[in-house]
Structures are given as structure tokens and as C-alpha cells.
*Asks:* 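Could you have a look at this structure, given as C-alpha cells, before my questions?
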Amino acid sequence: MQLLSESIYDELELADTLVENAVGYFQLPFSMAPGITINSKRYPLIPLVIEETSVVAGLCKNILFINSHGTISASQYGGGFIGQIHFPDIKNQKSFERNILACKDHLISKANQNPCKSMLERGGGVKDITVRLISRTDGKTMGVIHVLVDTKDAMGANIINQTCEYLKPIVEVESGEKSLLCILSNYNTEKITKVEITLEGIDETLAKRIEEASLIAQFDPYRAVTHNKGIMNGMDAICLATGNDWRALEAGMHGFAARNGQYQGLSNWIANGKQLKGTLEGPINVGIVGGVTNIHPQAALALRCLKVESSTELAYVIGTIGLIQNFAALRALVTDGIAKGHMRLHLKNLLKQTDATAPEQEKALKLLEKIFDTKHYVSANDARNVLKELRS
Ligand code: MEV
């Protein structure tokens, strides 16, 4: 607990290891949610780093609901990360693909003997090399080489980038073409995580309303973005707590949400009488070794609390929490509305911005809740008026 409640960084040593020009640390709340069981394995505590009011409360309430009404399963298909080597304007399309594919085994073996040597020893390494040709609107053709790297339990951005940079001059020689850039792709369709929650014995009307709410996000991109923002509330919070790159997760998930040519909700809920089944899938690319996970003491603590044994398990937990967060949001939206759940903390925040003493805040909170119940909204002005009344 000391690790969480006190500022553990007297010096800028860690910050200086992570970024440049660090002048201090910026703290965010670190919360815990109750555990969940996925594929019959229990994950006892869910660490979350998030500043947004009501996310943790909604999650905790609905984890308990799901634990008593349902089961969670998860799976992962595919097994690697995509590194890309880009040739923006190739002269000879036919020979480009042929030449690269002809030396594919040689390229894989060279990469595995050099930048991926230790990854290979851990059972990973470069697994495949493929070629894509993309027509440009100006009549030119782009060539893209995909290097598929299994990074085992690391997120592996560095090793993928190094492997691509190592291979770039070699494939330039082999193809006779000039590459412009190479880097990993955060849109990693080669490793997709799928989670499924099945709830039994729930209110039929609620189940049907949640199904309808998830359908809205399939058809209306304006709603889909907000729907997915709620999912990312949960996913990002664990990503952040465990020292993973949540911007990479966000980018990949949003890319996946647009895979059919229109941006859509990342989850689907299907009602069948008293049963409600929710699914969510996407490229949840995270690690439990390497990067910040190893050097940030609170991230290491979060991973210990979670008790995940592989990056796959961490992806399962992250996907599940995203789906539960989505269930929590949809459940609130199709019943009381979202404002009610947010209100108590929102009112506390409003009062914090005044000069009210602690006993005044307590009394004012009760009065403001009454105002919300009748008017359905409360403003900073209401908070000031209530205080004036209390003091008169
Ligand atoms: C707010 O952070 C997230 C929600 O807007 C998600 C949703 O509307 O589904 C409540």
C-alpha cells in the first residue's frame, strides 16, 4: 500500500529513464475493482488507473452482477505482431513480390539469427513474411512487406522496429526497389483477442434494451464512437495501471472498429429471453515483460495483483473489463440514464470548488441531490445558492 499512497519518487531518476526534460510526476488515482473469472481462472483484483468519475463505481457494481449472473470466456487467434517495410513507389510490381517471396526463408533465418536471436530462444521470433501491393490514385503502386514477429510475453515494439530496420537494406537489395520507411503496425490483425460474457436469468426487458443499444452503435458512427469510448474507459485503465501503451491499444481498437469500412461499436450484445450474450474482439496488444512494465514499481505491483501469467491472459482481462464497462454504461443508459450514477461524485466536485466547510458540504450534498431528483440537472449556481441558504 505504501507504494501506492505515498509519492515514491523523491528523485527524477525513473522519469529521466522514461522521457526527456522531466520536471516532475503527474499522479492519477489508482483504484482496485473486484476480481473476475475468465476460462475458469480467477484474477483476484483488477487494478485501474483513471481519473474519470463513476467509471470505477460502475465497473465494481457490474463485476459483482456479472460474477453472480454469468460466465466469461476468452480466446486469442493469430500469434504475432506486424512490422511493416514500405516501398511507396515500386517500379516492377511482378518482380517485387516474386523476389521477396523467393528469399523469404533466408530473410526469416537472418532476422532470427540477429535481432530476434534471444526472442527465438524464448520460443518467438520472425514467423512469416508476406507482401502486399496497393494501388495509388496517381497510378503508382506501393509495395508493403509484412514481417510477422512473435514477441511472446512482451509487447515488443522495439524488437519489431529493430527487426524491420535490420531487414530494410536487405530487402532493398533483393527487390531492387527503394524503401521509404519501416515500423510496426498498431493495427495488428495478426493477433486478435475475443471475449464473451454470457449472463443468465436476467430481466428480459433489460436484456432486450441492451441488445437494441448495442445495435445503435453498429449503425450510427456518432453513437459508435461514444459506445467505444466507454469500452476504452475500462481497457485503458488497466493498460495504464500495468505500464502498457494505451495509445497503441486505442489506435488498434479504433482501426479494428472501422474494419468494415464504417466505424462501428466494438461490442455486440444479443438477448435471448433471460439470457444476454456480449462479445468484444480486437487487437489487444499488451505485454507483461519489457518496456515500462519492468521498471515502474506501481505497474509491477498492478501485474502482481492481477496474477496474469502471460500477455495473452492480460489481453483477456483487458478485453473483459472493456466489455463489462460497456455493459455498465449500456445498463445505465437504458434504465436511469448516465447522469444519476455520476451525480453524487459530480456534486461533491461542485462543492469542492466552493469554500464550503466539511459539515456544510455534507448538508449541501443532500439538498443538491433533492434538486437533481426534481429538476434532473444541477449547476454550479445551484451549489452556490444552496450554500447561501445554509449560511443565511
Ligand atoms: C463516458 O465516459 C462513457 C459513456 O459515454 C459510454 C457510453 O455512452 O456507452 C457513458
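Note that ligands are numbered from 1 as they come in the structure, with each ligand's atoms numbered from 1 the same way. Remember, predicted model here, so these are calculated numbers, not experimental data.
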*Asks:* Using a strict cut-off of 4.0 Å, indicate which atoms of ligand 1 neighbour a heavy atom of His227.
*Replies:*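 Per the distance check, 9 (O).
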*Asks:* Judged by non-hydrogen atoms, does Gln325 sit under 4.0 Å from ligand 1?
*Replies:*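 Gln325 does not count as a contact of ligand 1 under the 4.0 Å cut-off.
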*Asks:* I need the contact type for Thr226 against ligand 1. Using non-hydrogen atoms and a strict under-4.0 Å cut-off, is it side chain, backbone, both or neither?
*Replies:*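 Both backbone and side chain.
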*Asks:* Counting heavy atoms only, which part of Val55 comes closer than 4.0 Å to ligand 1: side chain, backbone, both or neither?
*Replies:* neither
*Asks:* Which residue supplies the protein heavy atom nearest to atom 10 (C) of ligand 1, what is that atom called, and how far is it?
*Replies:* Ile338 CD1, 3.7 Å
*Asks:* If you have a sec, work out which protein heavy atom is nearest atom 8 (O) of ligand 1 and how many Å separate them, to one decimal?
*Replies:* Arg223 NH1, 2.8 Å
*Asks:* Using a strict threshold of under 4.0 Å (side-chain N to carboxylate O), is an ion pair present between Lys117 and Glu121?
*Replies:* yes
*Asks:* Would you kindly specify which portion of Asn233 sits under 4.0 Å from ligand 1, judged on non-hydrogen atoms: side chain, backbone, both or neither?
*Replies:*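 Side chain only.
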*Asks:* Which ligand 1 atoms are under 4.0 Å away from a heavy-atom of Gly230?
*Replies:* 3 (C), 6 (C)
*Asks:* Measure from the ring center of Phe65 to the ring center of Phe327 and say whether it is less than 6.0 Å.
*Replies:* yes
*Asks:* Please list, in number order, the atoms of ligand 1 under 4.0 Å from a heavy atom of Glu52.
*Replies:* 1 (C), 2 (O)
*Asks:* Going by the order shown, which atoms of ligand 1 are within less than 4.0 Å of some heavy atom of Leu333?
*Replies:* 7 (C), 8 (O), 9 (O)
